[in-house]
*Asks:* 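The structure that follows is given in the form of structure tokens.
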Amino acid sequence: MESSAKKGEQLHNTRMLYADWRISAATHSMIYHCKDGIAWFDTKGRIFHHNPQFMQMFGQNRTTLRGRNLAEIPVLYDALQKDFNDVFSGEYFTQEIEIPVGKTTYYFAVELGPLWTNRKIFGGYLRLRDITEIRHQEELLRERELLLRQLVTKAGLGIVIIGQDHRVIEANERFAEMLGYTHEEVLNLYTWDWEVITSEEEVRKQFSDLSRVATIFETKHRRKDGTIFDVEVSAKGTSFKGKNEKYNAVICICRDISKRKAYESEIKYLSFHDELTGLYNRRFLEVEMKRLDVERNLPLSMIVGDVNGLKLINDAFGHFKGDELIKATADALKKACRADDLIARWGGDEFVIILPQTDLATAKEIIERIKRHVDEIDLGLIKLSISLGAATKEKMSENIHEILADAETNMYRRKLQESQNVIRQAIALIHDTFLEKNPEAAQHAKTVGKLCQKIALAMGFSETTANEMEALGLLHDIGKINVPLAILKKPGVLTETEWSEVSRHAEIGYRILSAANETADLARYVLYHHERFDGYGYPAGKKGAEIPLQSRILAVADAYDAMTNDRPYRKALTRLEAAGELKKHAETQFDPKVVSVFVEKVLPTLN
């Protein structure tokens, strides 16, 4: 028994020794092999033990700091001086400090506390953990967070995070600005407070699990003031880990696309509308013809209209005046037609109207209504006129394009009767307008007409042809209707641009006179009356017999009257002086035979 008890005691003592060895080894390992710097100091502040890491943290080259006072390490002591004395009162401290070592600043997490034995404090311990890299990473993260926050806050895109209850969790300034709220006000909103298209019930149903949302869509949002705008939303669901539990949310990036939608609407509008009149264009009409070509729209009538004299107006007064004529015609059509009638500008001066569920008699009534509205339009000197024709589709077996062709044929029948009368009136009006603006030109036209008639008779032309020559002289400057009087009456030399403006009058006159059957032959003579016999005239550079004889006669008569009357840039010549100039330029500018007849036979008969 005694022997057994002794053996047990020995075993116990051996185990205790083994345990003390393990504790000692573990303590040694933790102190010398950990990454932390550890130092023990007495109540005087003298270091009585430390590990190598502690010394390395301060860049010390010594082999030991034992026996040194903590005050001899100023960078450390200054940071912890206040806490050292409290340690000996039994206090524990943890804090972070900055310690400059050379040009580098290091960051340490410090733990400071007392050392006890038999309930008595005999010193303190200091434990430093180098957190420089952690701090650098934190600073980098803070910098990135700041940049991201700036990006989110200042971005042109509205960003909002919405919780599963569809209430705003967070939003950037742009989102609040888009809706016209303050940031604080936005945080009290629910999705349906700004969503226009989708109701609260539909929102709850469609987005019952926000974590699964992944979509891009276009919608409309309502601002605080009630105005509505177009938005493109990119929504991505996610789950967040909150303090207590996990919750779902959706992150929405909102782009105001009002300008884009307006631009798209404008493009769409322009693709189906005529830019000048606002009416539908031919492209749209061709699409609608197919859509409307169904039995319920029978009888389906079509009206084709063509503005009379548009080309003439463009040539005489310019395209701006012609545009005014087209717009006035469009207005008359809109006033005369019904709400369901489809009006389109088919071409330059042509319009087409589709009349669903309309018989031919009603279509003709609409034509008469159009004419009344056209007659009421006042465009000053210009008289608006449009020729109209109609046709009706009564059976589905009839081809709608053939109905359109029939309406066009009927319109052209009317145009043959109406347009020439309109054009004659327009030419007379253009000529009268030009002469009223320029009285000197009126007298010049009359004189040139008489001279052309006398030369023609002297050259053996018939009386009928001689009378046509008089008309040619009267109309030869009609193309100057668009030339500013300031240029026509300029006393000095014309600039290149001014001369270009004047020299076009022969071509414009040709286009104006070509419009009417009665003056079509005269148009050709007007076109070439500024050609020279030697081929250096305009507009075509014709010479000799290539130039119509009527044009050569007109050139002589025109030049003679111009020379014998005062002009802004020179005084009038006498008859003899003018005759001398004609003879001088015969063979070059003028036909010598015409000059000879004029000087020898016509000039002596003039008063």
*Asks:* Please evaluate residues I303 and I366 with respect to the criterion side-chain contact (heavy atoms from CB on, under 4.5 Å), reporting the C-alpha separation (whole Å), side-chain torsions for both, the decisive distance (0.1 Å), and the verdict.
*Replies:* CA-CA 9 Å; I303 296 175; I366 292 173; 4.0 Å; yes
*Asks:* When rounded to the nearest 0.5 angstrom, what is the spacing between OG1 in T329 and CD in E324?
*Replies:*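 Rounded to the nearest 0.5 Å, the OG1-CD separation comes out at 10.5 Å.
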*Asks:* Just checking, is any N or O donor in the side chain of R167 or N188 under 3.5 Å from an acceptor N or O on the other one?
*Replies:*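 There is such a pair (donor and acceptor under 3.5 Å, judged by atom type) between the side chains of R167 and N188.
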*Asks:* Nearest 0.5 Å, what's the CD-OG1 distance between Q206 and T215?
*Replies:*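 OG1 of T215 is found 9.5 Å from CD of Q206.
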*Asks:* Please determine whether the number of non-hydrogen atoms from other residues, nucleotides or ligands lying under 6.0 Å from atom CG of D340 exceeds 12.
*Replies:*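 Counting neighbours around CG of D340, 12 or fewer heavy atoms of other residues, nucleotides or ligands fall under 6.0 Å, so no.
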*Asks:* Got I162 and I169 here, is their nearest side-chain heavy-atom distance under 4.5 Å?
*Replies:*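 Side-chain contact under 4.5 Å: no.
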*Asks:* On a heavy-atom basis, which atom in E91 and which in P114 lie closest, and how many Å separate them?
*Replies:*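 The answer is O-CD, 3.4 Å.
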*Asks:* Verify the ring-centre separation between H273 and Y280: is it less than 6.0 angstrom?
*Replies:*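 Distance test on ring centres: under 6.0 Å, yes.
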*Asks:* For K489, look at atom NZ and say whether over 12 heavy atoms of other residues, nucleotides or ligands are found less than 6.0 Å away.
*Replies:*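 Correct, the count exceeds 12.
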*Asks:* Is there side-chain contact between L76 and L80, with at least one heavy-atom pair below 4.5 Å?
*Replies:*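 SC-SC contact between L76 and L80 confirmed.
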*Asks:* Would you check if there is a donor-acceptor pair between the side chains of S89 and D86 at a distance under 3.5 Å?
*Replies:*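 Absent: no donor and acceptor within the cut-off.
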*Asks:* Could you tell me the separation between the OG1 atom of T43 and the NZ atom of K120, rounded to the nearest 0.5 Å?
*Replies:*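 With rounding to 0.5 Å, OG1 (T43) is 8.5 Å from NZ (K120).
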*Asks:* Given side-chain contact (heavy atoms from CB on, under 4.5 Å), test R222 with T227 step by step and report yes or no.
*Replies:* CA-CA 6 Å; R222 184 187 301 103; T227 56; over 6 Å; no
*Asks:* Looking only at the side chains, is there a donor atom on one of R66 and H50 sitting less than 3.5 Å from an acceptor on the other?
*Replies:*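 Judged by distance alone, the side chains do not pair up.
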*Asks:* Hey, can you tell me if Y107 and H136 have their rings parallel, tilted or perpendicular (30° and 60° cut-offs)?
*Replies:*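 Y107 and H136: perpendicular rings.
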*Asks:* May I ask you to say whether R504 pairs ionically with E507, meaning some side-chain N is under 4.0 Å from a carboxylate O?
*Replies:*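 Salt bridge between R504 and E507, a charged N being under 4.0 Å from a carboxylate O: no.
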*Asks:* Do you know which of L279, L355, L285 makes side-chain contact (heavy atoms from CB on, under 4.5 Å) with L342?
*Replies:*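 The single option meeting the side-chain contact (heavy atoms from CB on, under 4.5 Å) with L342 is L285.
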*Asks:* Do D256 and R174 have side-chain heavy atoms sitting under 4.5 Å apart?
*Replies:*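 Yes, at least one pair of side-chain atoms sits under 4.5 Å.
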*Asks:* If you take all heavy atoms of F207 and H166, which pair is closest and at what distance?
*Replies:*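 Where F207 meets H166 most closely, the heavy atoms are O-CE1, 3.3 Å.
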*Asks:* If I compare all heavy atoms of V493 with all of K490, which pair ends up nearest, and what's the gap?
*Replies:*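 Where V493 meets K490 most closely, the heavy atoms are O-NZ, 3.3 Å.
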*Asks:* A side-chain contact here means heavy atoms from C-beta on lying under 4.5 Å apart; do L189 and W194 qualify?
*Replies:*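 Of all side-chain heavy-atom pairs linking W194 with L189, at least one is under 4.5 Å.
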*Asks:* Taking atom CZ of R212 as the centre, does the number of heavy atoms from other residues, nucleotides or ligands within less than 6.0 Å exceed 12?
*Replies:*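 No - once you tally the heavy atoms of other residues, nucleotides and ligands closer than 6.0 Å, there are 12 at most.
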*Asks:* Report yes or no: do E195 and T219 form a side-chain donor-acceptor pair below 3.5 Å?
*Replies:*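 There is such a pair (donor and acceptor under 3.5 Å, judged by atom type) between the side chains of E195 and T219.
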*Asks:* Counting only heavy atoms from other residues, nucleotides and ligands, does the tally under 6.0 Å from CD1 of I216 exceed 12?
*Replies:*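 Open: at most 12 neighbouring heavy atoms sit under 6.0 Å from CD1 of I216.
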*Asks:* Test E286 against every option in R282, K290, R283 by the salt bridge (charged side-chain N to carboxylate O under 4.0 Å, His left out) rule and name the one that passes.
*Replies:*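 That would be R282.
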*Asks:* Side chains of F320 and L325: does their closest heavy-atom pair fall under 4.5 Å?
*Replies:*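 SC-SC contact between F320 and L325 ruled out.
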*Asks:* Using side-chain contact (heavy atoms from CB on, under 4.5 Å), reason through C254 and F175 one step at a time and then give a plain yes or no.
*Replies:* CA-CA 7 Å; C254 305; F175 184 77; 3.9 Å; yes
*Asks:* Examine F84 together with F41 and report whether their ring centres are nearer than 6.0 Å.
*Replies:*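 Aromatic pair counts; centres sit under 6.0 Å.
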*Asks:* Testing the 3.5 Å rule here: is there a donor-acceptor pair between the side chains of T358 and R338?
*Replies:*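 Yes - a donor-acceptor pair under 3.5 Å links their side chains.
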*Asks:* Does the distance from a Lys or Arg side-chain N to an Asp or Glu carboxylate O, for E288 and R291, drop under 4.0 Å?
*Replies:*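 Salt bridge: yes.
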*Asks:* What are the two closest non-hydrogen atoms of A344 and N281, and how far apart are they?
*Replies:*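 A344 and N281 have their closest heavy atoms at CB-O, 4.0 Å.
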*Asks:* If the test is salt bridge (charged side-chain N to carboxylate O under 4.0 Å, His left out), which one of E232, E218, E266 qualifies with K261?
*Replies:*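 Output: one option passes, namely E218.
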*Asks:* Using side-chain heavy atoms (C-beta onward) and a distance below 4.5 Å, is R135 in contact with E96?
*Replies:*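 The answer is yes, as the side chains (C-beta and beyond) meet within the 4.5 Å cut-off.
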*Asks:* Would you please indicate if the ring centroids of W40 and F122 are separated by under 6.0 Å?
*Replies:*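 Centroid separation for W40 and F122: 6.0 Å or greater.
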*Asks:* Begin from the C-alpha positions of R345 and D274 and carry the test salt bridge (Lys or Arg N to Asp or Glu O under 4.0 Å) through to its verdict.
*Replies:* CA-CA 7 Å; R345 186 180 178 195; D274 173 57; 3.3 Å; yes
*Asks:* Rounded to the nearest 0.5 Å, what separates atom CG in D341 from atom CE in M302?
*Replies:*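 Output value for this atom pair is 11.5 Å.
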*Asks:* Rounded to the nearest 0.5 Å, what separates atom CG in D230 from atom CD1 in I197?
*Replies:*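 Output value for this atom pair is 8.0 Å.
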*Asks:* When you compare the side chains of N248 and S239, does any donor N or O come within less than 3.5 Å of an acceptor on the partner?
*Replies:*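 S239 and N248 do have a side-chain donor-acceptor pair below 3.5 Å.
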*Asks:* Does CZ in R255 sit with more than 12 non-hydrogen atoms of other residues, nucleotides or ligands closer than 6.0 Å?
*Replies:*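 No, CZ of R255 has 12 or fewer neighbouring heavy atoms, counting only those of other groups under 6.0 Å.
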*Asks:* Is it true that atom CZ of R129 has more than 12 heavy atoms of other residues, nucleotides or ligands lying nearer than 6.0 Å?
*Replies:*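 Check fails, neighbour count at 12 or below.
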*Asks:* Salt-bridged, E200 to R204, with N to O below 4.0 Å?
*Replies:*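 Answer for the salt bridge query: yes.
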*Asks:* Grab the two heavy atoms, one from F48 and one from L115, that are nearest each other, plus how far apart they are.
*Replies:*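 Minimum heavy-atom separation between F48 and L115: CZ-CD1, 3.8 Å.
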*Asks:* Taking the six-membered ring for Trp, are H221 and F229 parallel (under 30°), tilted (30 to 60°) or perpendicular (over 60°)?
*Replies:*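 Aromatic pair H221/F229 classed perpendicular.
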*Asks:* With heavy-atom distances below 4.5 Å as the criterion, would you say the side chains of W346 and L404 are in contact?
*Replies:*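 W346 vs L404: side chains touch.
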*Asks:* If you take all heavy atoms of F54 and I47, which pair is closest and at what distance?
*Replies:*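 So the minimum-distance heavy-atom pair works out to CE2-CD1, 4.2 Å.
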*Asks:* Just wondering, more than 12 heavy atoms not from F217 lying within 6.0 Å of its CZ?
*Replies:*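 Yes, because the 6.0 Å sphere around CZ of F217 holds more than 12 heavy atoms from other groups.
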*Asks:* Using modelled atom types only, decide if a donor and an acceptor are shared between the side chain of Q53 and the backbone of C34 within a distance under 3.5 Å.
*Replies:*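 The answer is yes, because a donor-acceptor pair under 3.5 Å joins these two groups.
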*Asks:* Test R127 against every option in N51, T94, D36 by the side-chain hydrogen bond (donor to acceptor under 3.5 Å, both in side chains) rule and name the one that passes.
*Replies:*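 When N51, T94, D36 are each tested with R127, the side-chain hydrogen bond (donor to acceptor under 3.5 Å, both in side chains) holds only for D36.
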*Asks:* Would you call Y181 and V186 a side-chain contact if the rule is heavy atoms closer than 4.5 Å?
*Replies:*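 A side-chain contact under 4.5 Å exists here.
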*Asks:* Evaluate whether atom CD of E275 has more than 12 neighbouring non-hydrogen atoms of other residues, nucleotides or ligands under 6.0 angstrom away.
*Replies:*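 No, not enclosed.
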